[in-house]
Amino acid sequence: MRGVPQQAELRPPSQSPSRRVMPYDALLLDVTDRIATLTVNRPDKLNALNDALIAELDAAIDEIAGREDIGGVILTGAGRAFVAGADIAELSAQGPFDGKARALRGQTVFRKLERSSKPVIAAVNGFALGGGCELAMACHMRLAADVAKFAQPEVKLGIGPGYGGSQRLPRLVGRGRALQLLLTGEMIDAAEAYRIGLVNSLHPKDDLMPAATALMRQILANAPLAIALCLEAVDRGLDMPLDEALVLEANHFGLLASSADMAEGMQAFLEKRGPRFAGR
Ligand code: COA
């Protein structure tokens with residue numbers, strides 16, 4: 001999923017099959033009109049991420065990368081939680097080496113999601129705690145229901161974040177606010193998460209999925225290769241010195257000039273009609 005997407009990843013809407021549901025134990029994957037809705041489905045444990053669920057997420061991310069009928073992903077949770085964290089029952093039995101291995105496995109999966117060449121929107125419907133907040137932060141954009149709650153409560157359990165929270169939270173909300181959340185473990189409501197920039201927008205609970213779908217449709221109306229390279233430029237460029245990042249941007253700009261979609265997009269503008277992008 002990294003880098004410039006394979007041609008096979010990017011196909012026009014006319015080639016999308018209608019709906020499919022793939023078999024996972026604790027994930028639901030529904031694909032409608034090129035939008036995959038991936039639902040963490042372990043509601044009796046508030047969608048806590050056990051090792052099996054992390055492995056399923058890994059497989060689902062690979063599946064989504066490889067499916068030509070998927071242009072973007074909305075990630076959400078079943079029931080009253082988005083994800084209430086890593087599974088504390090499993091964490092309670094870990095020692096230092098398997099603890100480190102667990103963290104590295106989760107980090108790798110979340111990073112793969114973050115480096116997806118297909119846009120990923122978190123639709124945060126409820127509790128996003130610990131690994132749940134970390135999962136939302138690994139998505140490209142976050143929309144929240146007004147009932148959502150956020151926290152990095154690991155210090156209350158005698159641990160720290162393991163799935164990227166100590167790194168992505170300060171990058172998103174700034175060092176001081178991140179440290180306050182990380183060191184107190186306090187839970188904040190959706191309005192506060194919006195105020196500090198942790199989420200892009202707030203919605204009444206029933207409007208959350210329609211809003212996420214509308215945003216994804218707006219994105220998927222644009223040129224797929226351009227979308228993929230914007231994602232790559234932001235992901236790679238933010239950790240580069242500015243001059244190198246600007247070269248990366250210029251390279252993308254030049255690369256896209258060779259695409260059929262650039263010709264189509266500009267021709268459509270000049271002809272005062274909507275573009276028909278083909279993803280090449
Ligand atoms: N790991 C494992 N199980 C979890 C879990 C987690 N992170 N979060 C919730 N659950 C389980 C509970 O143990 C409970 O299971 P049970 O019915 O078999 O006892 C079930 O989910 C429902 O949770 P419950 O605590 O009864 O709901 P609540 O409404 O009273 O409280 C929370 C909701 C989110 C405040 C509370 O569950 C909580 O604090 N969870 C842990 C959050 C956390 O620390 N996450 C970071 C982990 S690193």
Side-chain angles (χ1 to χ4, degrees), residues 24-28 38-58 60 75-111 113-114 122-139 142-173 177-194 196 198-199 202 205 208:
Y24 293 96
D25 282 341
L27 288 176
L28 302 172
L38 186 60
T39 305
V40 183
N41 186 34
R42 200 186 170 213
D44 54 321
K45 295 292 180 187
L46 301 186
N47 303 324
L49 299 174
N50 56 16
D51 293 344
L53 233 167
I54 291 285
E56 286 203 344
L57 265 178
D58 192 20
L75 181 59
T76 193
R80 63 193 175 101
F82 176 70
V83 166
D87 190 311
I88 296 170
E90 281 188 352
L91 298 187
S92 66
Q94 75 188 8
F97 290 99
D98 49 333
K100 180 176 179 181
R102 174 171 286 127
L104 290 173
R105 276 198 306 276
Q107 287 171 358
T108 302
V109 173
F110 286 20
R111 184 73 180 122
L113 183 70
E114 188 173 46
V124 182
N125 53 301
F127 293 113
L129 311 177
C133 189
E134 291 170 308
L135 180 59
M137 289 192 289
C139 296
R142 283 153 293 287
L143 272 49
D146 49 13
V147 296
K149 305 259 191 234
F150 298 80
Q152 293 294 155
E154 290 87 349
V155 289
K156 291 178 184 287
L157 297 165
I159 54 173
Y163 293 164
S166 67
Q167 301 310 306
R168 291 193 180 91
L169 190 57
R171 284 166 166 79
L172 273 170
V173 305
R177 285 181 175 134
L179 280 170
Q180 185 172 334
L181 289 169
L182 291 165
L183 300 184
T184 63
E186 71 173 318
M187 202 183 288
I188 58 171
D189 63 18
E192 177 66 0
Y194 176 63
I196 66 175
L198 183 54
V199 300
L202 296 184
K205 197 171 194 316
L208 177 64

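As the structure lists them, so they are numbered: ligands from 1, and atoms in each ligand from 1.
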Might you check, step by step, whether the distance between [atom] and some protein heavy atom is under 4.0 Å?
atom                    : value
atom 7 (N) of ligand 1  : yes
atom 23 (O) of ligand 1 : yes
atom 44 (O) of ligand 1 : yes
atom 37 (O) of ligand 1 : yes
atom 29 (O) of ligand 1 : yes

**Item:** Nearest heavy-atom neighbours spanning L172 and R142
**Value:**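 Looking at all heavy atoms of both residues, the closest pair is CD2-NH2, 3.4 Å.
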Is [X] close enough to touch ligand 1? Criterion: a residue heavy atom under 4.0 Å from a ligand atom.
X    : result
P153 : yes
Q152 : no
D44  : yes

**Request:** Report yes if G85 has an N/O atom closer than 3.5 Å to an N/O atom of ligand 1; otherwise report no.
**Result:**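 It does not: no N or O of G85 is found under 3.5 Å from an N or O of ligand 1.
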**Prompt:** N/O of A86 under 3.5 Å from N/O of ligand 1, yes or no?
**Reply:**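 It does: an N or O of A86 is found under 3.5 Å from an N or O of ligand 1.
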Residue, atom name and distance, where the atom is the protein heavy atom closest to [atom]:
atom                    : value
atom 19 (O) of ligand 1 : K45 NZ, 4.5 Å
atom 31 (O) of ligand 1 : L46 CD1, 4.6 Å
atom 26 (O) of ligand 1 : R80 NH2, 4.6 Å
atom 5 (C) of ligand 1  : A48 CB, 4.0 Å

**Asked** Where do F110 and I54 land on the side-chain contact (heavy atoms from CB on, under 4.5 Å) test, with the steps shown first?
**Response** CA-CA 9 Å; F110 286 20; I54 291 285; 4.0 Å; yes
**Message:** For M137 and E114: C-alpha separation, side-chain torsions, deciding distance, then whether side-chain contact (heavy atoms from CB on, under 4.5 Å) applies.
**Reply:** CA-CA 9 Å; M137 289 192 289; E114 188 173 46; over 6 Å; no
**Request:** Using the test salt bridge (charged side-chain N to carboxylate O under 4.0 Å, His left out), find all partners of E56 that sit at least two apart in sequence or belong to another chain.
**Result:**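 Partners of E56 by the salt bridge (charged side-chain N to carboxylate O under 4.0 Å, His left out) criterion come out as none, since no residue qualifies.
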**Message:** Working note: L135 + L113, criterion side-chain contact (heavy atoms from CB on, under 4.5 Å); need CA distance, chi angles, decisive distance, verdict.
**Reply:** CA-CA 9 Å; L135 180 59; L113 183 70; 3.9 Å; yes
**Request:** State the atoms of ligand 1, each with its element, that fall below the 4.0 Å cut-off from a heavy-atom position in L129.
**Result:**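 Numbered from 1, ligand 1 contributes 34 (C), 42 (C).
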**Element-labelled atoms of ligand 1 that are located less than 4.0 Å from some non-hydrogen atom of D87** =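 Heavy-atom distances to D87 below 4.0 Å select 1 (N), 2 (C).
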**Request:** Measure the CG-CG distance between L91 and N50 for me, rounded to the nearest 0.5 Å.
**Result:**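 Going from CG on L91 over to CG on N50, the span is 10.0 Å.
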**Prompt:** To the nearest 0.5 Å, what is the distance between CG (D189) and CG (L202)?
**Reply:**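 The CG atom of L202 is 9.0 Å from CG of D189, to the nearest 0.5 Å.
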In residues 122-134, what donor-acceptor pairs under 3.5 Å come from side-chain atoms, sequence neighbours left out?
unit_1: N125; atom_1: OD1; unit_2: T76; atom_2: OG1; d: 3.2
unit_1: N125; atom_1: OD1; unit_2: G77; atom_2: N; d: 3.1
unit_1: N125; atom_1: ND2; unit_2: G77; atom_2: O; d: 2.9
unit_1: N125; atom_1: ND2; unit_2: G79; atom_2: O; d: 3.2
unit_1: N125; atom_1: ND2; unit_2: A81; atom_2: O; d: 3.0
unit_1: E134; atom_1: OE1; unit_2: G131; atom_2: N; d: 3.4
unit_1: E134; atom_1: OE2; unit_2: Y163; atom_2: N; d: 3.0
unit_1: E134; atom_1: OE2; unit_2: G164; atom_2: N; d: 3.3
unit_1: E134; atom_1: OE2; unit_2: G165; atom_2: N; d: 2.7

**Asked** Counting only heavy atoms not in D44, do more than 12 sit closer than 6.0 Å to its CG atom?
**Response**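 Check passes, neighbour count above 12.
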**Item:** Pairing of D51 and R105 as salt bridge, 4.0 angstrom limit
**Value:**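 Salt bridge: yes.
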**Request:** Report the C-alpha distance between I188 and I196 in whole Å, list the side-chain angles of each, state the deciding distance to 0.1 Å, and finish with yes or no for side-chain contact (heavy atoms from CB on, under 4.5 Å).
**Result:** CA-CA 10 Å; I188 58 171; I196 66 175; 3.9 Å; yes
**Item:** Which segment of E90 sits under 4.0 Å of ligand 1 when only heavy atoms are counted
**Value:**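 For E90, there is no contact with ligand 1 at all, from either part.
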**Asked** For ligand 1, is any non-hydrogen atom under 4.0 Å from A84's backbone (N, CA, C, O), its side chain (CB onward), both, or neither?
**Response**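 Both of them.
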**Message:** Can a donor-acceptor pair be found, under 3.5 Å and without considering hydrogens, that links the side chain of N47 to the backbone of A78?
**Reply:**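 Yes: the side chain of N47 pairs with the backbone of A78.
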**Prompt:** Among V155, L91, I88, whose heavy atom sits nearest atom 1 (N) of ligand 1?
**Reply:**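 Considering heavy atoms of V155, L91, I88, the nearest to atom 1 (N) of ligand 1 sits in I88.
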